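The structure under discussion appears below in the form of structure tokens.
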4 protein chains.
Amino acid sequence: MMLTMARLTQAHVDARTGDILAAAVALFASRGIEKTTMADVAAEAGISTGAIYRYFPGKEALLAAVFEREMRDSAAQFERAAEASGMGLAALFQVGEKVTSTGDSQDCALWLEVELASLRDPEGIGGRQRDVHDAIRANIQTLVAASQGSGEIDASMDAEALSTLLFAVARGLQLETAETGNGPRSREALDLLGRLLRLSGEHGLPPA
Amino acid sequence: MMLTMARLTQAHVDARTGDILAAAVALFASRGIEKTTMADVAAEAGISTGAIYRYFPGKEALLAAVFEREMRDSAAQFERAAEASGMGLAALFQVGEKVTSTGDSQDCALWLEVELASLRDPEGIGGRQRDVHDAIRANIQTLVAASQGSGEIDASMDAEALSTLLFAVARGLQLETAETGNGPRSREALDLLGRLLRLSGEHGLPPA
Amino acid sequence: MMLTMARLTQAHVDARTGDILAAAVALFASRGIEKTTMADVAAEAGISTGAIYRYFPGKEALLAAVFEREMRDSAAQFERAAEASGMGLAALFQVGEKVTSTGDSQDCALWLEVELASLRDPEGIGGRQRDVHDAIRANIQTLVAASQGSGEIDASMDAEALSTLLFAVARGLQLETAETGNGPRSREALDLLGRLLRLSGEHGLPPA
Amino acid sequence: MMLTMARLTQAHVDARTGDILAAAVALFASRGIEKTTMADVAAEAGISTGAIYRYFPGKEALLAAVFEREMRDSAAQFERAAEASGMGLAALFQVGEKVTSTGDSQDCALWLEVELASLRDPEGIGGRQRDVHDAIRANIQTLVAASQGSGEIDASMDAEALSTLLFAVARGLQLETAETGNGPRSREALDLLGRLLRLSGEHGLPPA
DNA sequence: GATGAATGAGCGTTCATTCAT
DNA sequence: GATGAATGAACGCTCATTCAT
């Protein structure tokens with residue numbers, strides 16, 4: 001009986017924590033962090049103002065959890081897209097397309113909040129974010145290496161530089177899409193980059 | 001009774017306005033907008049709390065001025081870099097390098113604040129920002145067209161798509177540089193893109 | 001989770017609202033509206049500064065409630081006095097005496113604040129006050145008509161003009177009493193008016 | 001030369017003082033005392049913000065001067081009306097009519113501000129106001145006595161009680177007129193009182 | 001003497017956090 | 001454990017007053 005209770009309680013706690021996080025994510029993204037009150041989050045999560053402090057010790061901790069979740073989601077998005085798409089250049093660009101096409105301005109806003117927090121706290125969340133970004137870049141680099149191995153793109157290109165470029169393009173276009181809503185334009189830019197890379201596979205890239 | 005004061009006044013007002021703007025830019029960038037109080041800005045500008053309201057009617061107006069200045073600076077940065085660099089592909093990448101290499105995390109933070117504000121107020125500041133970005137992209141497109149005209153890059157490429165790509169790369173790498181401080185890596189990514197583009201000039205881009 | 005609180009809540013809210021209103025009435029009357037801070041009211045009501053905003057959305061709303069209460073009290077005072085006094089001329093003057101004799105300078109100050117607010121906002125509170133005054137005058141007119149019906153005062157007198165006169169006397173003497181504290185003098189003036197009216201019942205009023 | 005300067009200066013000071021007072025009267029009456037800033041008054045008077053402090057040591061002193069002026073004006077209005085109207089009952093009611101018919105809500109507002117201030121500071125301005133009111137009542141009493149002497153109204157009536165009544169009526173009707181704008185109704189009420197008084201002259205007032 | 005920019009205390013209001021129920 | 005009323009520090013802003021020019 002104790003065990004059943006405990007398990008239920010833990011599940012309950014997890015569920016509530018998830019509700020609160022989801023509420024916080026939604027509100028922090030749409031209204032902004034400072035314009036969202038703890039009472040707002042509690043109401044959105046369907047609990048009382050005070051109850052939120054049983055799950056998070058304060059707004060800062062809640063924010064940290066939201067940021068952590070946002071970063072995890074970002075990384076997971078890349079990972080899932082990569083896993084689902086095989087290993088060729090086409091796969092790489094399917095990833096890019098998926099990432100780019102989610103021009104949800106809410107997601108983007110939260111992402112920007114994380115970027116801002118990282119800039120302002122390079123040791124804390126900034127460090128964590130660098131890890132996440134490194135992981136993503138490593139992921140990209142794996143796909144790049146595979147494309148180089150198959151000869152689709154020039155094998156002499158610096159895989160790190162290329163993955164940096166691709167990551168930058170992904171971030172830049174995501175921002176672009178969120179701001180303008182012009183998804184097709186971003187896709188065309190991405191296609192263009194793909195064709196340039198294929199060209200490198202065909203003719204080889206001349207030295208710098 | 002007007003003349004005695006008048007000579008000092010306009011210069012004085014401009015100077016104070018500039019002081020306040022500079023203080024606001026510094027604090028909004030480093031601490032964040034909501035965590036910066038009007039008293040903070042005033043203190044940083046070397047004036048009293050109340051005095052700030054002679055120059056800006058309120059925090060919102062101050063913020064708008066800061067944003068406007070940030071956007072103007074962004075556009076001017078591109079414009080100046082373009083003007084100083086001639087018209088070839090090399091010029092284009094000198095622009096990119098300049099933009100990318102300023103990995104000042106303060107500038108970047110303010111830029112991100114503008115992006116966030118734009119996402120949350122698409123009609124207001126968002127509209128203004130789209131105009132600024134369109135102007136920048138148009139600038140880039142001019143350089144692209146010149147490079148296509150000289151045969152340095154494939155003339156069949158969609159100039160709009162390419163300028164979108166280049167703008168995205170610039171933004172993505174600027175973020176990257178600000179976050180990691182790794183300027184050389186960004187420069188390598190940029191070089192890689194330059195070589196890909198030159199390759200298109202030599203061999204022509206195959207159809208999509 | 002509703003039931004445990006619910007029973008207390010409404011009573012509690014009403015009690016607190018009443019406390020706050022009473023505190024506001026006392027302070028607005030004695031210090032003046034603008035010299036009374038929300039913190040003053042809260043302290044007088046025995047709650048914290050912030051708590052007051054759970055009961056009233058702001059100072060303006062609190063003021064409106066105080067004014068409404070003041071006007072209701074004014075009207076009720078007349079009404080109760082009228083109900084308690086029957087219908088003759090004597091009744092009319094008992095009403096007058098009651099109204100006049102309450103030379104409480106606090107009540108009077110609040111009443112004057114309402115008058116001032118009405119003068120400055122004729123559409124808003126001014127309109128509400130005119131309604132209240134019309135109701136009071138109608139009340140007086142009923143008593144006047146009864147006195148005319150019984151022959152105590154001249155039936156040919158314009159009942160509206162007479163009630164206007166009586167209302168003006170009441171207001172003028174209330175002010176007088178509050179200012180000088182000289183209740184007996186006001187009562188003598190009122191008696192004199194009563195005798196003049198009785199004279200009209202005995203001899204009839206000559207035409208204008 | 002000193003004398004000329006001095007006289008001019010004194011005249012200048014008086015003129016400026018008058019300008020400021022007039023500006024303050026206008027603004028205190030229309031906007032209210034607390035909503036009128038010293039800068040508002042200065043601007044309305046055509047001088048600089050700081051200059052006002054050469055003529056009045058502070059807002060409180062300015063307010064006191066405004067109140068003093070308002071009270072003097074009130075008394076003077078009665079006095080002038082009385083002087084211009086001779087000594088009979090008709091004169092009395094011409095005075096009443098003049099006082100009552102000025103249903104200017106601005107004047108009234110300022111008068112109410114004085115009343116309020118008197119209620120709140122019975123020792124200070126309240127005492128001064130009682131003196132002024134006593135003077136006015138004495139004035140009225142003179143007219144009353146004259147009317148009693150001529151037999152127009154019953155000579156047995158207590159002149160003090162009657163003048164209190166008349167003063168109260170004047171104040172009540174002035175308020176009424178300012179609030180409703182219904183001057184004719186006030187005049188009818190006044191006429192009615194006049195006829196009641198004349199009736200006392202014809203038939204004599206029975207004892208209380 | 002006049003000016004009006006500057007000062008800074010103080011106001012109305014909000015909200016993260018606590019705690020009696 | 002949950003509730004939501006209460007707290008009070010802190011914010012944006014105003015304005016009476018001062019004082020360098």
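Computed from a predicted structure; not experimentally measured. Order of the sequence lines sets the chain letters (A, B, ...), proteins ahead of strands, with each chain counted from 1.
- Using a 4.0 Å heavy-atom criterion, one finds that A:Thr37 contacts the sugar-phosphate atoms exclusively.
- Partner assigned to E:dA20 is F:dT3, using Watson-Crick or G-U wobble distances below 3.5 angstrom.
- No contact: C:Phe56 has no heavy atom under 4.0 Å from any strand.
- Using a 4.0 Å cut-off between charged side-chain N and carboxylate O, C:Arg120 and D:Glu113 make a salt bridge.
- An OP1 or OP2 oxygen of F:dG1 is reached within less than 4.0 angstrom by no side-chain nitrogen or oxygen of A:Arg16.
- One distance of note links OG of A:Ser118 with CD of A:Glu123; it measures 11.5 Å at 0.5 Å rounding.
- Counting only heavy atoms from C-beta on, A:Thr49 has its side chain closest to E:dT17 among E:dG8, F:dG8, E:dT17.
- The separation between D:Asp19 atom CG and E:dA2 atom C1' is 15 Å, rounded to whole Å.
- Between C:Tyr55 and F:dA6 there is a side-chain polar atom (N or O) within less than 4.0 angstrom of OP1 or OP2.
- Remark: nothing in residues 21-31 of chain B comes within less than 4.0 Å of DNA chain E through any heavy atom.
- Distances from the side chain of D:Ser48 to the nucleotides E:dT3, F:dA6, E:dT7 place E:dT3 closest.
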Give the intermediate values and the outcome of salt bridge (charged side-chain N to carboxylate O under 4.0 Å, His left out) for residues A:Lys35 and A:Asp40. CA-CA 9 Å; A:Lys35 303 225 160 184; A:Asp40 289 339; over 6 Å; no

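- For B:Arg54 and E:dA6, the CZ to P distance is 7 Å, given to the nearest whole Å.
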